[in-house]
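I have placed the structure first, in the form of structure tokens, so that the comments after it can refer back to it.
The shown structure was predicted, so the numbers you read here are calculated from the model rather than taken from an experiment.
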Amino acid sequence: MSMLIRQKAKTIFLSSILISSTFFSQAHNVSEGYQKPTDPLVIQSLENWQDLKFGLFMHWGTYSQWGIVESWSLCPEDESWTQRKPEHGKSYNEYVKNYENLQTTFNPTQFNPQKWADAAKKAGMKYVVFTTKHHDGFAMFDTQQSDYKITSPKTPFSKNPKADVVKEIFNTFRKDGFKIGAYFSKPDWHSDDYWWSYFPPKDRNVNYDPKKYPERWNNFKNFTFNQLNEITSNYGKVDILWLDGGWVRPFHTIDPNVEWQRTIKVEQDIDMDKIGTMARKNQPGIIIVDRTVPGKWENYVTPEQAIPEKTLSIPWESCITMGDSFSYVPNDNYKSSQKIIETLVKIISRGGNYLMNIAPGPDGDYDPIVYERLNEISGWMDKNQSAVFATRSIAPYHDGNFYYTQSKDGKTVNIFHLDEKVNYESPLTLNFAIPENFKPKSLKILGLSNKIQWKKTGNSIEINLPKERTQLKYSTVIQIRQ
């Protein structure tokens, strides 16, 4: 590996804020070596995307019937955190057979994407990223490349008029003004051209050497290209192509400092130039996220279950679960609305977007508690959205319990006060620094109609809050104009 590549491969280490040790194996470092896009349409798309701030992520597949981690129990190397239950198969081969047989019982008759879109929109979410296909290879769309899909006659739900789940979700959310993101796994553990049945799978990687069997690897490249062509051709406007499975990458891009990348022993170049060019032809200006593979196809970076400690100067998005798991687990431990708001504030003050994952269950709906959370968030969002959306970071970013954003024209600064106790209580007095050279003319507290008493001393402001401050939930948001 050349010195240049080594330097580019150095990673920015993320803080472990909110990271769950259970899912540490899934955590992704953020690669250095970001290449700013040159296509004016993509540059504009990224600018618009950075205005959105809050998105909905959904992991959903046949695995929801077992209430287990998505796909990963099929992978021999990850048994430590995705133990297979004995009732699902005594041997590995029996387990895989039973897992893939989940296709024949998948019938989520409560599936109603309008219900999801209504709740998400009210909570302030502006874009959706849905798992069109996870690593297990089961397609939640009507692919013509495989029969391992939701629209196959083998799947009971195929008889439902909403059987093409991707089509229904994309059309419904798009109609409600959401930007549309297609999650797609580059590796496919069902494909005989990725995990060739001639060999047993050893880990998450391709289980043969593509250089020894170029024809088989070429078949897999064509299969992947064709599925991505379907997604970007047949499902209306798609704004984001979110490609997971970063071990499928050119060998020279491997970062030896990242543990999971050290398991990659063979060349797995899937020809991203060909895929990306096709996707941009089908969808001009589409944002492409080839996760953890630095270069021209990683248009923004995606820390997982974590928030970067500091502001990043490049476009980024933290994907964090509302519960503990990305996939549906019965009685999951859902985060409180206060924790979700605190997470949103931290992320936007550091210049990022918050992609919050909610997993539908086997019946096709969310847990009832999810709707409670989204409704509580919507009450906060109604009052404070002007400090959240279409904002950018501004120094000092974060100072003690205060977090900062600014309007894009620089005329408004928003200061969020958090106090990470179980129940937020707004204090009687607040003292905070303001950005340098900012000359405040008016000040208000979002959600309160009272005139606020404040005074500026040097680079600081002190405000006395009225007794109505007890109405404020989760945070106090101060908006200052110059």
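Proximity of a side-chain donor or acceptor of Asp244 to a complementary backbone N or O of Ser185 within less than 3.5 Å is not detected. Arg84 places no side-chain N or O within 3.5 Å of a backbone atom of Tyr92 that could act as its donor or acceptor partner. When atom types are taken as modelled, the side chain of Gln145 and the backbone of Asn226 share no donor-acceptor pair closer than 3.5 angstrom. A donor-acceptor contact shorter than 3.5 Å is absent between the side chain of Ser393 and the backbone of Ser349.
Each of Phe157, Tyr148, Trp60 was compared with Phe138 under the ring pair (Phe, Tyr, Trp, His ring centres under 6.0 Å) criterion, and only Tyr148 meets it. Partner of Trp116 under the ring pair (Phe, Tyr, Trp, His ring centres under 6.0 Å) criterion, chosen from Tyr366, Tyr371, Phe173, Phe178: Tyr366.
With hydrogens and angles left out, the side-chain atoms of Gln110 and Lys115 include no donor and acceptor closer than 3.5 Å. In summary, the side chains of Thr263 and Glu77 do not present any donor paired with an acceptor at a separation below 3.5 Å, with no hydrogens or angles considered. In the model, Tyr95 has a side-chain atom that pairs as donor or acceptor with a side-chain atom of Ser73 under 3.5 Å. There is a side-chain donor-acceptor pair under 3.5 Å between Ser233 and Asn282.
Atom-to-atom distance recorded for Glu317:CD and Leu355:CG is 4.0 Å, nearest 0.5 angstrom. From Met322, atom CE reaches atom CG of Leu56 across 9.0 Å, with rounding to the nearest 0.5 Å. Atom CH2 of residue Trp380 and atom CG of residue Leu344 lie 5.5 Å apart, to the nearest 0.5 angstrom.
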Start with the C-alpha gap between Glu304 and Phe326, add the side-chain angles, then the distance that decides, and say whether side-chain contact (heavy atoms from CB on, under 4.5 Å) holds. CA-CA 11 Å; Glu304 182 172 315; Phe326 276 101; 3.8 Å; yes

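A salt bridge links Lys133 to Asp188: at least one charged side-chain nitrogen sits closer than 4.0 Å to a carboxylate oxygen. A salt bridge links Lys186 with Asp290: at least one charged nitrogen is closer than 4.0 Å to a carboxylate oxygen. Of the charged side-chain nitrogens involved, none lies within less than 4.0 Å of a carboxylate oxygen, so that Glu376 and Lys473 do not count as a salt-bridged pair.
The aromatic ring centroids of Phe220 and Tyr194 lie less than 6.0 Å from each other. Checked against a 6.0 Å centroid threshold, the rings of Phe170 and Phe130 do not count as neighbours.
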